[in-house]
Amino acid sequence: MISTENTTTNEFPGHIEEVPGGGIVLSKLDELVNWARSNSLWPLTFATSCCGIEYMQVAGPKYDFSRFGFEVARATPRQADVIIIAGTIVNKMAPVLKRLYDQMADPKYVIAMGACAISGGPFFYNTYSVVKGADHVIPVDVYSPGCPPRPEALIHALITLQDKIKMGMTREQMKSGL
């Protein structure tokens, strides 16, 4: 019996057993599915303010989030499985955000990037038109604080989401019992 330890993020997770007939049986299929999901996330951008500029930097050559498995950024919710909310959400945009979230295929994940997406930010005070945070409209998996957060913070949020998916700790996986 050979047991492999998951020492790096790109190593195959799971347990490999040798069968007496010479074949190999892979166990823990859920871990394999979660590993595959976490390394092939396609983000949908919902950038409404200055955090969108920081999001653009993450896709550039200096930070290059494609090396973590997020390369295929989509402009349509039907092909994306993680939505990155970057910026202020006003009351008129909240139904649009909810509609985009509802159009995404399951499992779907949400990252709230920046103070405005998390809590309304500096624009929340003395105004009636700003939503207090993305979690008042749709459920959020990972928060990336800052005003605006640095590209490193967004990469950290993406890696945190990958780790949550691998461990089966996202709200989508806990709801469905995976």
Side-chain angles (χ1 to χ4, degrees), residues 6 8-14 26 28-49 51-61 63-89 93-114 116-118 131 133-146 148-178:
N6 192 1
T8 64
T9 57
N10 290 331
E11 186 176 319
F12 172 75
L26 302 177
K28 299 184 182 181
L29 184 60
D30 289 340
E31 286 185 19
L32 175 65
V33 170
N34 290 339
W35 176 79
R37 280 184 183 152
S38 69
N39 288 316
S40 63
L41 292 172
W42 291 4
L44 170 68
T45 306
F46 189 81
T48 60
S49 299
C51 289
I53 303 299
E54 300 296 323
Y55 176 76
M56 288 179 218
Q57 287 182 358
V58 173
Y63 297 100
D64 190 24
F65 73 157
S66 64
R67 60 190 160 146
F68 298 106
F70 298 97
E71 183 172 10
V72 188
R74 292 293 173 192
T76 176
R78 290 178 180 88
Q79 296 176 352
D81 46 15
V82 59
I83 184 169
I84 300 173
I85 304 167
T88 310
I89 303 168
M93 280 306 282
V96 175
L97 175 62
K98 177 70 171 145
R99 187 178 317 125
L100 288 172
Y101 177 77
D102 290 341
Q103 289 176 352
M104 291 173 62
D106 287 329
K108 49 191 164 191
Y109 311 104
V110 179
I111 295 176
M113 175 184 175
C116 294
I118 294 172
V131 177
D135 56 350
H136 289 272
V137 181
I138 58 175
V140 177
D141 290 303
V142 178
Y143 296 93
S144 178
R150 297 269 313 142
E152 295 91 351
L154 179 57
I155 289 177
H156 182 267
L158 293 167
I159 292 172
T160 302
L161 179 62
Q162 280 183 328
D163 291 341
K164 287 178 89 173
I165 293 170
K166 286 176 188 173
M167 292 186 300
M169 298 300 293
T170 62
R171 59 179 170 70
E172 285 284 328
Q173 292 166 326
M174 295 174 102
K175 179 175 69 174
S176 66
L178 291 177

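As the structure is a computational prediction, the values presented were derived from the model and not from experiment. Counting begins at 1 with the first residue of the sequence.
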Closest contact, heavy atoms only, [X] versus [Y]:
{"X": "Ile84", "Y": "Pro43", "result": "CD1-CB, 3.9 Å"}
{"X": "Met93", "Y": "Phe46", "result": "CE-CZ, 3.6 Å"}
{"X": "Ala153", "Y": "Ser144", "result": "O-OG, 3.4 Å"}
{"X": "Ala94", "Y": "Val137", "result": "O-CG1, 3.5 Å"}
{"X": "Thr88", "Y": "Thr48", "result": "O-OG1, 2.6 Å"}
{"X": "Ala80", "Y": "Met104", "result": "O-CE, 3.9 Å"}

Any chance you could lay out the side chain to side chain contact (heavy atoms under 4.5 Å, CB included) test for Ile165 and Leu41, step after step, and finish with the verdict?
CA-CA 10 Å; Ile165 293 170; Leu41 292 172; 3.9 Å; yes
Check: Asp141 side chain, Ile111 main-chain N or O, donor-acceptor pair, under 3.5 Å:
no
If the condition is side chain to side chain donor-acceptor pair (under 3.5 Å), which residues does Gln103 pass it with, not counting sequence neighbours?
none
Using a 4.5 Å cut-off on heavy atoms from C-beta on, say whether the side chain of [Y] contacts that of [X].
{"X": "Glu54", "Y": "Leu154", "answer": "no"}
{"X": "Pro145", "Y": "Ile118", "answer": "yes"}
{"X": "Asp135", "Y": "Tyr143", "answer": "yes"}

A quick test of your reading: do over 12 heavy atoms of other residues, nucleotides or ligands sit less than 6.0 Å from NE2 of His136?
yes
Interatomic spacing from [atom1] in [X] to [atom2] in [Y] - rounded to 0.5 Å:
{"X": "Asp163", "Y": "His156", "atom1": "CG", "atom2": "NE2", "answer": "8.5 Å"}
{"X": "Ile83", "Y": "Ile138", "atom1": "CD1", "atom2": "CD1", "answer": "5.0 Å"}
{"X": "Lys108", "Y": "Tyr101", "atom1": "NZ", "atom2": "OH", "answer": "5.0 Å"}

For Val110, which of Leu97, Val140, Val82, Leu161 qualifies under side chain to side chain contact (heavy atoms under 4.5 Å, CB included)?
Val140
